[in-house]
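Below you'll find the structure, written out as structure tokens, and then a few comments.
Chain identifiers are assigned alphabetically (A, B, ...) following the order of the sequence lines, protein sequences preceding nucleic acid strands; residue numbering begins at 1 within each chain. Bear in mind the structure is a predicted one, so any value in this text is a computation, not a measurement.
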Number of protein chains: 2
Amino acid sequence: MIPMETENGTRWLSDEEQGAWRIHLDVSRLLTYQLERDLQPFGLTMNDYEILVNLSESEGHRMRMSDLAAATLQSKSRLSHQITRMENAGLVRREHCESDRRGLFACLTEDGWETMRKVAPHHVESVRKHFIDLLSPEALDALHTSLTPIAEHLRAQRGRV
Amino acid sequence: MIPMETENGTRWLSDEEQGAWRIHLDVSRLLTYQLERDLQPFGLTMNDYEILVNLSESEGHRMRMSDLAAATLQSKSRLSHQITRMENAGLVRREHCESDRRGLFACLTEDGWETMRKVAPHHVESVRKHFIDLLSPEALDALHTSLTPIAEHLRAQRGRV
DNA sequence: ATCCATTGGTTCAGAATTCAACTTCTACCG
DNA sequence: CGGTAGAAGTTGAATTCTGAACCAATGGAT
């Protein structure tokens, strides 16, 4: 399948390409919309949840702000605001780092941990219902295989220029 | 592959499932980040661009606000603000609808159309570079096939409750 | 030791987004 | 007809996000 070219040399998308692209866009938006919605009854956003996950999977239930920002693909600024909000909600606490006096840890509080334990099963159920369980194991595998290089490519671009 | 169960009955995700899920999340975020970035030099956001696309593909280069909101998966409120901004930027104009006096059309202006023609090739190139061209035709096809039912499912949920 | 370029993080102002009124008009029911 | 439920859009206030400017600490160079 050779990409169509036109006068100005643009390699426009074929119908198949368009289709794949648009469906990817749609799914990612619809999905975050739905997951967000399923999380709402617990008073959490996807953002909140993702931070809880990251913290609860880390040593000592804490992470350096920068690392957390990198892990969640957010700007430092945004994360800072986010953590402030979560701190006010009692889910998280800031702690100083002795080895580097500029540094701060975001630490899961007891409350944050409890929230996590309570919410996780529902979230997983939600992810299953709206995504995982709608894919055959082969499709899942194919997805993983074909998306991985893209993720790598994009991560590499990320810092650049 | 049987989903693992634990005491409380939660069907946690297997490693493969986790992997597929997380990569999907990452790709969709990294991708919008990158596309946004590639559009920035032209003074457009993805949102702006998507609206231009929708309008330029419609009869008479115009669409009813509601339809546009539905097509772009935004709330009416958000679209309204968005169109106001684009109107101020001269890309779009609001026009009354005679058949329904509540209704409004968002119409592409000459400027909007020109912008579209100028930017589209770059955007397509960007989509190719960061997504399409990194997928084999088979992968593309598989993606389309496996994502379509998900999109349908999510669209069906969308209105519900 | 002293610079100074970098890193880690916050803050502030401006822009975008959400959510809940609110207005106007339509359509339908009795 | 008259009344009213619902649709189409907008508005405004509160929240979140972005990007740049900023401060403080670090880690090398010299």
Expected output: side-chain [X] to main-chain [Y] donor-acceptor under 3.5 Å:
{"X": "Arg64(A)", "Y": "Cys97(A)", "value": "no"}
{"X": "Thr10(B)", "Y": "Pro121(A)", "value": "no"}
{"X": "Ser58(B)", "Y": "His61(B)", "value": "no"}

Charged N-O contact under 4.0 Å between [X] and [Y]:
{"X": "Asp26(B)", "Y": "Arg155(A)", "result": "yes"}
{"X": "Glu87(B)", "Y": "Arg85(B)", "result": "no"}
{"X": "Asp133(B)", "Y": "Arg11(A)", "result": "yes"}

Could you run down the sub-3.5 Å N/O contacts of the protein with nucleotides 19-22 of chain C?
from, atom 1, to, atom 2, distance (Å)
dC19(C), N4, Ser77(B), OG, 2.4

Task: With Ser56(B), the side-chain contact (heavy atoms from CB on, under 4.5 Å) member among Ile51(B), Thr115(B), Leu108(B) - done: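 Of Ile51(B), Thr115(B), Leu108(B), side-chain contact (heavy atoms from CB on, under 4.5 Å) with Ser56(B) is met by Leu108(B) alone.
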- [ ] Could I get the full list of ring pair (Phe, Tyr, Trp, His ring centres under 6.0 Å) partners for Tyr49(A), not counting sequence neighbours?
- [x]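 Scan of Tyr49(A) (ring pair (Phe, Tyr, Trp, His ring centres under 6.0 Å), adjacent residues dropped) gives His123(A).
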Task: Residues in contact with DNA chain C, drawn from residues 83-108 of chain A - heavy-atom cutoff 4.0 Å - done: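 Within this stretch, Arg94(A), Arg102(A), Gly103(A), Leu104(A) sit under 4.0 Å of the strand.
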- [ ] Under 4.0 Å from any atom of DNA chain C, heavy atoms only: list the residues of residues 45-60 of chain A that qualify, in numerical order.
- [x]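 Nucleic-acid contacts, sorted: none.
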I need the [atom1]-[atom2] distance between [X] and [N], as an integer number of Å.
{"X": "Leu79(A)", "N": "dT10(C)", "atom1": "CG", "atom2": "C1'", "value": "11 Å"}
{"X": "Gln82(A)", "N": "dG9(C)", "atom1": "CD", "atom2": "P", "value": "16 Å"}
{"X": "Gln74(B)", "N": "dA16(C)", "atom1": "CD", "atom2": "P", "value": "13 Å"}
{"X": "Asp67(A)", "N": "dT7(C)", "atom1": "CG", "atom2": "C1'", "value": "12 Å"}

TODO: Please determine if Arg158(A) forms a cation-pi arrangement with Tyr33(B), meaning its NZ or CZ atom is less than 6.0 Å from the six-membered ring centre and no more than 45° off the ring axis.
DONE: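 Yes, a cation-pi geometry.
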Task: Criterion side-chain hydrogen bond (donor to acceptor under 3.5 Å, both in side chains) on Arg22(A) and Gln18(A), from CA distance to verdict - done: CA-CA 6 Å; Arg22(A) 293 204 173 176; Gln18(A) 279 261 359; 3.1 Å; yes
Task: For Thr32(B), all residues meeting side-chain contact (heavy atoms from CB on, under 4.5 Å), sequence neighbours excluded - done: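 Scan of Thr32(B) (side-chain contact (heavy atoms from CB on, under 4.5 Å), adjacent residues dropped) gives Met46(B).
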Task: Test item: Ser126(B) and Glu36(B) side chains (from C-beta on) under 4.5 Å apart, heavy atoms - done: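 Ser126(B) does not reach Glu36(B) side chain to side chain.
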Task: Aromatic ring pairing His24(A)/His24(B), orientation class (parallel under 30°, perpendicular over 60°, tilted between) - done: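 Judged by the thresholds at 30° and 60°, the geometry between His24(A) and His24(B) is perpendicular.
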Task: Segment of DNA chain D, first to last nucleotide, that comes within the 4.0 Å heavy-atom reach of chain B - done: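 Listing 5' to 3', DNA chain D meets chain B from dG6(D) to dG19(D).
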